[in-house]
There are 4 protein chains.
Amino acid sequence: MNVQSDTRRNMDKRQQILEATADLIAEQGLHSCPMAMVAKHACCGAGTIYRYFETKEELVQQLFLHLTEVMASHCMNGYDESAGVKLRFYSFWGNFYRYMLEKPRDRALMEQLSASPAISELQREEALKPMNKALTMLLTDGKQQQLIKNLPDAVLTTMTFGSLTMMAKKLQLSPQMFPQAVQPDDLLNLCWDAIKA
Amino acid sequence: MNVQSDTRRNMDKRQQILEATADLIAEQGLHSCPMAMVAKHACCGAGTIYRYFETKEELVQQLFLHLTEVMASHCMNGYDESAGVKLRFYSFWGNFYRYMLEKPRDRALMEQLSASPAISELQREEALKPMNKALTMLLTDGKQQQLIKNLPDAVLTTMTFGSLTMMAKKLQLSPQMFPQAVQPDDLLNLCWDAIKA
Amino acid sequence: MNVQSDTRRNMDKRQQILEATADLIAEQGLHSCPMAMVAKHACCGAGTIYRYFETKEELVQQLFLHLTEVMASHCMNGYDESAGVKLRFYSFWGNFYRYMLEKPRDRALMEQLSASPAISELQREEALKPMNKALTMLLTDGKQQQLIKNLPDAVLTTMTFGSLTMMAKKLQLSPQMFPQAVQPDDLLNLCWDAIKA
Amino acid sequence: MNVQSDTRRNMDKRQQILEATADLIAEQGLHSCPMAMVAKHACCGAGTIYRYFETKEELVQQLFLHLTEVMASHCMNGYDESAGVKLRFYSFWGNFYRYMLEKPRDRALMEQLSASPAISELQREEALKPMNKALTMLLTDGKQQQLIKNLPDAVLTTMTFGSLTMMAKKLQLSPQMFPQAVQPDDLLNLCWDAIKA
DNA sequence: AATGAATGAGTCTTCATTCAT
DNA sequence: AATGAATGAAGACTCATTCAT
């Protein structure tokens, strides 16, 4: 077996553990996720987890990093940096919202990990930096063209992020509160109206 | 000692326990909050807690209920049901946002409990019903007067709630992201622009 | 129940735990002494141990302190500070040797703990200070009267301690090596001849 | 590759493992010496150790045997069986004491292993038999010539061994207890005075 | 023969809950 | 009614040993 496939196998095992952890945290919460159960779901012994992650805390942190990477890549899917401000806004946040809707597990995971003391606020900021790069350019352009309110990027981003995140959560956890279908475009319009100049 | 003072004393003790629990959860997270420490902070024995709350889970649920009641009463502070739609909107959500800002402990608590598996989604809905009553009237009026987008109340409420909540969180946990002061009115304008027709 | 008896009860429990630990370490070695087994032998739950000792390490250290106190008090039993140098020497080390012989458990315990990394060399020195006080006076007197070799106290003490300790060990663990009875006085004579001027 | 070199390589590997184990036990104690760490220090895989030693227990026993062989050979270095009793005594125990002083690792190792339940008292006796052969002759001669006290060999040997061993330990672990240099000859004189008739 | 990833039994420690006082 | 000592089940983590490559 060559190095390539060795790496592959290890990556697979590591990935299996991350997936198992993700499933369990999303379903039961960060508590109710003993290492023994992670091991069972990852089809490995408990000790094996510790070959890939030093402690449970590190496992959770690595999971968070992995999650934000996946999320960022979804947001940037088909993103055209040369498109107009409004189009870019709808593309980015549309991708984000659809991802949250389509992957309830990842949405729940993000919620759990965002409130977890296992992850520091600094780590959270670092993890989200890649995502923020595209947004900063978008908002700078928008403000220059006077299409977007002249407020700090962090405000515009935080409020859009907060509203879409909360919507996705409510739709998943309390669907009966929304008897009629909610169109994603309605929400994006709402977010755009919020920040537009 | 008469019944009155007994009840009083009990209420005090119960309240002390709730306060101690609130402090500990907000500071350390739901997990680093053993009953023995709650007892210590509430200046009572561990067994005493169980005279007021059957289990730790119930304690947390009661705390959540208490928290939402306080929050609702803050939101309704000086609220004039006969005022105009926009004024009512600014009054309600201004109260909400200022409460979140001024009581970081309660904001952190709300975040912890909102993500806790100790509280079911149903309980969360029930707890927020009182708050939603005023909002439903406000939004109904707004839609009738064509001041507000014709979207389900739950959508309009969720997104406003989500954006203001996330803003308060970020301001408290990552203040360095906001070098210039953020005016509450700017945020309320942003929320109003989002939902206005 | 008054404070006196409360203290008593706690002391009893603490003592029980120390005794159980002593028995197990002496019999099986410092390893093979899991907290669960200590608890079983002390007739208490595993958690109870942690009300009296913060960690297993501290339990072992406290046990060592206790052991040296008992040993010191045995050595000083009937010790007459105003007696002659040789008499005092025979009294002190005779007491010591008889204690080691009569309490094989404590002898084994001392051996285990003396080699344990759970106890630092500094702690060992501190624990033995009380014993050394009497010896220092004895040796100073002896040297002044030119009854004892003019070597550092630490040398005279260490070698006497070492030889008697090793003898007690061998007698207990390899009795077949000593087909004829070994008289304690022979050993004390041997030690006295070693250090006498 | 022929049998000779195979054997040679194996011996080397076996030796490496023993050395690695010796270093780790002496430095950290018998307990902080996991097989994986032994393997790392011996520059081999963990599984390889099991080609040379059936279990960890056997590894430790073999290490003890090896250690006593080395110790015995040091003691017999330049030993002249035809020399006088006193000279032989000083030669043997001088060698022993210098070895203990010059190889603190081996001294620490001997202490750890002497207290370890991994090695039975029978094994300890067996391992020390070679050393005792020379001593028996020496003591027999000494007693015949009435130079040495008429006590069992085991007593005379045990007490000399115990005092020199303890001295070497104290000098290495608590050097500050001996502000002035301690001359080995002073200690040998002391031991000789102890046993001489 | 050598490797080191995988295993899971065993260890220390925490903490919700009970109950004797 | 109030207390807090006692409990033991549950959880994170370690490590001797095995075995597929």
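Proteins get letters first, then strands, A, B, ... in listed order; numbering begins at 1 in each. Source: prediction; values computed, not measured.
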Answer whether the closest heavy-atom distance between the side chains of [X] and [Y] falls below 4.5 Å.
| X | Y | result |
| --- | --- | --- |
| C/Leu113 | C/Arg124 | no |
| A/His66 | A/Val70 | yes |
| C/Met71 | C/Leu128 | yes |

Using the side-chain heavy atoms of A/Tyr50, tell me which of these nucleotides is nearest: F/dT17, F/dT14, E/dT13.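 That would be F/dT14.
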Check: C/Glu58 side chain, C/Glu54 main-chain N or O, donor-acceptor pair, under 3.5 Å: yes
Do side-chain atoms of A/Gln112 reach the backbone of B/Ala115 as a donor and acceptor pair under 3.5 angstrom?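 The answer is yes, because a donor-acceptor pair under 3.5 Å joins these two groups.
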Measure the spacing between [atom1] of [X] and [atom2] of [Y] and express it to the nearest 0.5 Å.
| X | Y | atom1 | atom2 | answer |
| --- | --- | --- | --- | --- |
| B/Lys103 | B/Gln172 | NZ | CD | 12.0 Å |
| C/Ile25 | C/Leu59 | CD1 | CG | 7.0 Å |
| A/Phe53 | A/Gln62 | CZ | CD | 6.5 Å |

Whole-Å gap separating [atom2] ([N]) and [atom1] ([X]):
| X | N | atom1 | atom2 | value |
| --- | --- | --- | --- | --- |
| B/Leu59 | E/dT17 | CG | P | 10 Å |
| C/Lys56 | F/dT14 | NZ | C1' | 13 Å |
| D/Ile17 | E/dA2 | CD1 | C1' | 11 Å |
| A/Glu57 | F/dG11 | CD | P | 18 Å |
| B/Arg14 | F/dA2 | CZ | P | 14 Å |

For DNA chain F, find the residues of residues 19-46 of chain D with a heavy-atom distance under 4.0 Å and give them by number; none if there aren't any.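 Hits under 4.0 Å, by residue number: D/Pro34, D/Met35.
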Specify the residue among C/Gly47 and B/Gly47 whose closest nucleotide of DNA chain E lies further upstream toward the 5′ end.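 Mapping each residue to its closest nucleotide by heavy atoms, the 5'-most match is C/Gly47.
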Assuming nearest nucleotide by heavy-atom distance, tell me which of A/Thr55 and C/Ile49 is located more 5' along DNA chain F.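 Nearest nucleotide further toward 5': that of C/Ile49.
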Strictly below 4.0 Å: does C/Tyr52 bring a side-chain N or O up to OP1 or OP2 of F/dA6? yes
Mind checking which stems touch DNA chain E? I mean at least 3 consecutive Watson-Crick or G-U pairs, both distances under 3.5 Å.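 Stem list for DNA chain E: E:2-21 with F:2-21.
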Do any pairs count as a side chain to side chain donor-acceptor pair (under 3.5 Å) and have a residue in residues 23-44 of chain A, sequence neighbours left out, and if so which ones? A/Asp23-A/Arg105
